[in-house]
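What follows is a short report on a single structure.
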Amino acid sequence: MDLRDLPRGVRAELRGLSPEIAQIVGAHLLKAGELIDTDPQLAHAHAEAARRRAARLSVTREATAEAAYAAGEYQVALAELRALRRMNGGNEFIAVMADCERALGHPDKALKLIKEGLAEQPEFRQRVELRLVEAGARLDLGQEAEALRLLKHEIEASSGKGSRAARASLRYGYADLLEHTGDADGAERWFAAAAALDEEGVTDAGDRVSALQGLVLEVDEEALLGDEPEIAGDDAEEETGAPEAADDDAEGETAAPEAAAGPADGGENETGLVAERVDSGEEDRDA
């Protein structure tokens, strides 16, 4: 495998190893990055193999934590993130650590970590991640009204701030909570706001809008083979569009998403692995 496919920062860390070990560790990291979305268990095995050979490198700790988190190995992920925090002294992984505590049945510990993270006055994306996990922890404790209040307050306080992706994640989380508490109309409006901001289609906000509008169709693909499918009316597409409602951003800007289950952004970090996101398994924990 060509280690030039690794991010520059990862290659820089690998230079501290012998060429032979660097090649092995780098290959495992590449495979972990390739597999984390499709086979997180195998990705975790590759990341763990890299960590065993170079445990003193923060990049192998980070890769192991991310792969373990994706594979649902929350205790392992938490241990690696704690080690990484001791090594680097940063707070960028506190939201993921808090979500691991939630998954392990410790919402109070999650809230304590979130308080630490917010005290550092993080940039907007990290703040959104912390608030989403906080809302999930409140939900775990049966505090639905407080979970809704804090996300609504965050939306109002951050109008027009931060990236579209982070604002989308915040609105998606709020919509998910609204649907959970039985407010289907409110959920539809805020999923639409999230979909309008989700330019890259990272979330399923558009599908959630359609489902709430009752526009999800069951299609027999075999019956359509060889035929031109009939479009069920042009008006249906217009009705599915994102409602104007949730336009709290500055002049015409709309918002994008993530659930109140865990960290919001799914962007790549230095290891080239996808950091957390709120996958379907995390949403199930919030339900």
Side-chain angles (χ1 to χ4, degrees), residues 7 9 58-59 61-63 65-66 69-70 74 77-78 80-103 106-140 146-174 176-177 194 197-198 202-203 248-250 253 255-279 282 286:
S58 61
V59 67
R61 296 286 189 153
E62 185 176 340
E66 291 175 356
Y69 181 77
Y74 300 110
L78 186 58
E80 292 299 323
L81 289 170
R82 285 172 176 162
L84 192 60
R85 193 181 184 193
R86 288 193 298 271
M87 293 167 71
N88 296 342
N91 292 317
E92 63 268 33
F93 299 109
I94 284 186
V96 184
M97 292 172 67
D99 203 43
C100 287
E101 292 285 16
R102 279 192 61 216
H106 307 143
D108 289 329
K109 291 183 179 180
L111 291 174
K112 184 178 179 181
L113 279 168
I114 289 162
K115 186 177 180 180
E116 289 180 32
L118 291 173
E120 296 294 323
Q121 298 184 329
E123 53 89 21
F124 183 72
R125 179 185 60 81
Q126 291 178 330
R127 182 179 178 86
V128 167
E129 292 176 353
L130 289 165
R131 287 301 191 191
L132 290 170
V133 181
E134 183 180 3
R138 294 295 180 189
L139 202 60
D140 294 342
E146 177 62 12
L148 286 167
R149 185 202 65 78
L150 71 89
L151 289 189
K152 183 178 181 181
H153 174 76
E154 195 65 38
I155 289 172
E156 292 171 346
S158 62
S159 178
K161 297 179 182 177
S163 68
R164 293 172 69 87
R167 286 185 284 134
S169 296
L170 186 56
R171 286 150 179 77
Y172 187 97
Y174 185 54
D176 196 55
L177 270 178
L197 283 174
D198 188 10
V202 174
T203 72
D248 58 358
D249 292 326
E253 269 203 273
E258 200 115 33
D265 255 353
E268 288 191 0
N269 62 20
E270 213 177 30
T271 65
L273 303 181
V274 176
E276 162 351 134
R277 330 285 195 348
V278 183
D279 60 17
E282 294 171 68
D286 288 345

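Since the structure is predicted, the reported quantities are computational estimates derived from the model, not experimental observations.
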Mind running side chain to side chain contact (heavy atoms under 4.5 Å, CB included) on Arg149 and Lys152 for me, showing each step along the way? CA-CA 5 Å; Arg149 185 202 65 78; Lys152 183 178 181 181; 5.9 Å; no
As a quick check of understanding, evaluate side-chain hydrogen bond (donor to acceptor under 3.5 Å, both in side chains) for Tyr172 and Asp198, giving each step before the final call. CA-CA 10 Å; Tyr172 187 97; Asp198 188 10; over 6 Å; no
Begin from the C-alpha positions of Tyr69 and Asp99 and carry the test side chain to side chain contact (heavy atoms under 4.5 Å, CB included) through to its verdict. CA-CA 9 Å; Tyr69 181 77; Asp99 203 43; 2.6 Å; yes
When you look at Glu62 and Phe93, which way does the side chain to side chain contact (heavy atoms under 4.5 Å, CB included) test go after all the steps? CA-CA 10 Å; Glu62 185 176 340; Phe93 299 109; 3.6 Å; yes
Can you check side chain to side chain contact (heavy atoms under 4.5 Å, CB included) on Ile114 and Ile94, steps first, answer last? CA-CA 7 Å; Ile114 289 162; Ile94 284 186; 5.6 Å; no
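A distance of 7.0 Å separates CG in Leu84 from CD in Glu92, rounded to the nearest 0.5 Å. For the atom pair CD (Glu80) and CE (Met87), the distance works out to 9.5 Å, reported to the nearest 0.5 Å. Rounded to the nearest 0.5 Å, atoms OG (Ser169) and CZ (Arg164) are 12.5 Å apart. From Leu113, atom CG reaches atom CG of Leu78 across 8.0 Å, with rounding to the nearest 0.5 Å. Distance check: Arg86 CZ to Leu81 CG gives 11.0 Å after rounding to the nearest 0.5 Å. Rounded to the nearest 0.5 Å, atoms CG (Leu130) and CZ (Arg125) are 10.0 Å apart.
The shortest heavy-atom contact between Pro107 and Ala137 is CB-O, 3.9 Å. For Ala95 against Glu129, the heavy-atom pair with the smallest separation is CB-CB, 3.8 Å. The two atoms that bring Arg85 and Gly90 nearest to each other are CG-O, 3.2 Å, heavy atoms only. Considering every non-hydrogen atom in both Ala166 and Val128, the closest pair reads O-CG1, 3.7 Å. Nearest heavy atom pair, residue Ala147 against residue Ala135, reads CB-O, 3.5 Å. For the pair Arg102 and Val133, the tightest heavy-atom approach, listed with the atom from each and the gap, is CD-O, 3.7 Å.
A 4.5 Å side-chain heavy-atom check between Met97 and Glu101 finds every atom pair outside the cut-off. Considering only heavy atoms from C-beta on, Leu118 comes within 4.5 Å of Arg131 through its side chain.
The pair Lys112-Glu116 fails the salt-bridge criterion, with no side-chain N (NZ, NE, NH1 or NH2) lying under 4.0 Å from an Asp/Glu carboxylate O.
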